[in-house]
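Order of appearance sets the numbers: ligands from 1, and atoms from 1 within every ligand.
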Amino acid sequence: VVSGVQLTLATPYPIFCSPGALDLVGTVALEHAPAHRYAIIVDDMVAGYYLDRVCDSLQQFVPRARCVVASVPSGEMHKTREQWARLTDILLAAGCGRDTAIIALGGGVVGDLAGFVAATFMRGIQIVQIPTTLLAMVDASVGGKTGVDIPAGKNLVGAFHPPAAVIVDPTTLRTLPERHLRGGLAEALKHGVVADAAYFGRVRDALPSIGADAETIPDLLLPIIADSIAIKSEIVARDPRETGLRKVLNFGHTVGHAVEAVSGYELLHGEAIAIGMVVESGIATALGVTDGSLWAPLRDALAAAGLPTALDSALSRDDIISLMYHDKKTRRGNLELSLPTRIGAMAGAENGWSVPVGEAVVRSALGG
Ligand SMILES: NC(=O)c1ccc[n+]([C@@H]2O[C@H](COP(=O)([O-])OP(=O)(O)OC[C@H]3O[C@@H](n4cnc5c(N)ncnc54)[C@H](O)[C@@H]3O)[C@@H](O)[C@H]2O)c1
Ligand SMILES: [Zn+2]
């Protein structure tokens, strides 16, 4: 059943991607994450749409009594240590042990949170990721980064814990609110900028058709999702722990994460990253790292995706800059960014794929 929908990739774990792949959960779990019990950790919004199908598929092979369901309230504000503690308690109370595997069903929030539960519960158990947002399909579910947000910042407590398998069913995108769909396009365009100009062009060409009719979304986005996964998994395979090359995936994120936080999370991750990519392209232009071919085409593509490309004048530039200094990627208190030389190529190979940037250049690119 499963052959034919498995992508050919550099990842050590299989990624299945096809319309209807949700119904493969049972087969995939049995083969790639065999366990006595399964704990489905699900976003409570997503549960209403897709939990029954996942349970039905699993219960073809696993008795109902050995399937535990724990739901998490929808939203970034629940990607917390408190939810991590609640979930691990639920697993313990349900009799889960080392012979349990987790199935994460939802967007990046549930994927990161359930991933961190899997990384830590009984010192680490297997997880199958079933991403249901475009952002989680093209980005968050691949690469093994898991974690929670803490008051000091996003993703500051976490672990690398690669999944046992990933199941991507693009038909689930039919119910995803359009604003979230557009947020995911920011990460797809980012993959084009950091690694593949032709892919960037294919995503850009698909943009005018997005939003017209939800029914057409799965067919339209299937090749875009598959290519994005291939780009990300190739980079991650070469540098799983982000000691060098993987940093290119942070393009737009040093500024973007700061903007996201300063907006009080009013901006979605993808929206903040869109603004971050425009600002960081401005920085790359000011530094002469890139020529004139980057900034305007990227801004135009992001705008065509329906994403914001300019920073709200009400957001404090001082707060954004001070948060940028707290970024995990900052080295020795200096600002370092992953910057493109053009669409499809990144700078800084000789310096661990990051470029030192003076605060004055950042301040000027942020405008005000
Ligand atoms: N681990 C990584 O490598 C990585 C990479 C990128 C982003 N992330 C993380 O991902 C998170 C953002 O993920 P996200 O954008 O998927 O947000 P999300 O998980 O909050 O999902 C967005 C919203 O869509 C709803 N939803 C999800 N799937 C749906 C569907 N199919 N139909 C209807 N509604 C649906 C959710 O309930 C939620 O309200 C952030 O916390 C970010 O840090 C992690
Ligand atoms: Zn991101």
At under 4.0 Å between heavy atoms, is it the side chain or the backbone of [X] that contacts ligand 1, or both, or neither?
| X | value |
| --- | --- |
| Asn155 | side chain |
| Pro177 | side chain |
| Val46 | side chain |
| Thr146 | neither |
| Lys145 | both |
| Leu135 | side chain |
| Asp43 | side chain |

Report task. For atom 4 (C) of ligand 1, state which one of Gly48, Gly270, Gly106, Ala140 supplies the nearest heavy atom. Result ->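 Selected option, by shortest heavy-atom distance: Ala140.
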Nearest-0.5 Å distance that lies between atom [atom1] in [X] and atom [atom2] in [Y]:
| X | Y | atom1 | atom2 | result |
| --- | --- | --- | --- | --- |
| Thr80 | Asp149 | OG1 | CG | 8.5 Å |
| Leu298 | Arg342 | CG | CZ | 14.5 Å |
| Ile224 | Leu220 | CD1 | CG | 5.5 Å |
| Tyr325 | Thr254 | OH | OG1 | 12.5 Å |

Pair [X], [Y]: side-chain N/O donor-acceptor within cut-off below 3.5 Å:
| X | Y | answer |
| --- | --- | --- |
| Ser141 | Gln129 | no |
| Lys145 | Asn155 | no |
| Thr175 | Tyr50 | yes |
| Trp295 | Thr290 | no |
| Ser316 | Asp318 | no |

Does any N or O of ligand 1 fall below 3.5 Å from an N or O anywhere on [X], backbone included?
| X | value |
| --- | --- |
| Lys79 | yes |
| Asp112 | yes |
| Tyr50 | no |
| Gly108 | yes |
| His269 | no |

Please write down residue, atom name and distance for the protein heavy atom closest to [atom].
| atom | result |
| --- | --- |
| atom 6 (C) of ligand 1 | Asp139 OD2, 3.6 Å |
| atom 30 (C) of ligand 1 | Thr175 OG1, 3.5 Å |
| atom 41 (O) of ligand 1 | Glu76 OE1, 2.6 Å |
| atom 25 (C) of ligand 1 | Leu176 CD1, 4.4 Å |
| atom 21 (O) of ligand 1 | Thr133 CG2, 3.5 Å |
| atom 28 (N) of ligand 1 | Thr132 OG1, 2.8 Å |

Requested in this report: Using a 4.5 Å cut-off on heavy atoms from C-beta on, say whether the side chain of Val138 contacts that of Ile229.
Outcome: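 Side-chain contact under 4.5 Å: no.
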Report task. Look at the side-chain heavy atoms of Ile, Leu, Val, Met, Phe, Trp and Tyr, link any pair under 4.5 Å apart, and say whether Val142 and Val193 land in one connected group. Result ->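 Cluster IDs for Val142 and Val193 match.
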Query raised in the report: Would you say Lys232 touches ligand 1, if touching means a heavy atom closer than 4.0 Å?
Result: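 Yes, that is the case, since the closest heavy atom of the residue is under 4.0 Å from the ligand.
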Query raised in the report: When the aromatic ring centroids of His191 and Phe251 are compared, is their separation below 6.0 Å?
Result: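 So the answer is no for these two rings.
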**Report entry** Closest approach to the Zn ion (ligand 2) by His253, given as the N, O or S atom name
**Finding:**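 Of the nitrogen, oxygen and sulfur atoms in His253, the Zn ion (ligand 2) lies nearest to NE2.
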Requested in this report: Locate the shortest heavy-atom distance separating Thr146 from Ala119; write the atom from each residue and the value.
Outcome: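 Closest pair (atom of Thr146, atom of Ala119, distance): OG1-CB, 4.3 Å.
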Report task. Output yes if Glu187 passes the N/O/S-under-2.8 Å test against the Zn ion (ligand 2); output no otherwise. Result ->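 Given the 2.8 Å cut-off, Glu187 counts as a ligand of the Zn ion (ligand 2).
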Report task. For Arg363, look at atom CZ and say whether over 12 heavy atoms of other residues, nucleotides or ligands are found less than 6.0 Å away. Result ->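 Buried by this count: over 12 neighbours within 6.0 Å.
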Against heavy atoms of [X], which atoms of ligand 1 measure under 4.0 Å?
| X | answer |
| --- | --- |
| Val109 | 11 (C), 13 (O), 18 (P), 19 (O), 20 (O) |
| Met45 | 37 (O) |
| Ser74 | 36 (C), 37 (O), 38 (C), 39 (O) |
| Lys154 | 40 (C), 41 (O), 42 (C), 43 (O) |

**Report entry** Candidates Glu187, Glu76, His180 - the one meeting side-chain contact (heavy atoms from CB on, under 4.5 Å) with His269
**Finding:**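 By the side-chain contact (heavy atoms from CB on, under 4.5 Å) criterion, His269 pairs with just one of Glu187, Glu76, His180: Glu187.
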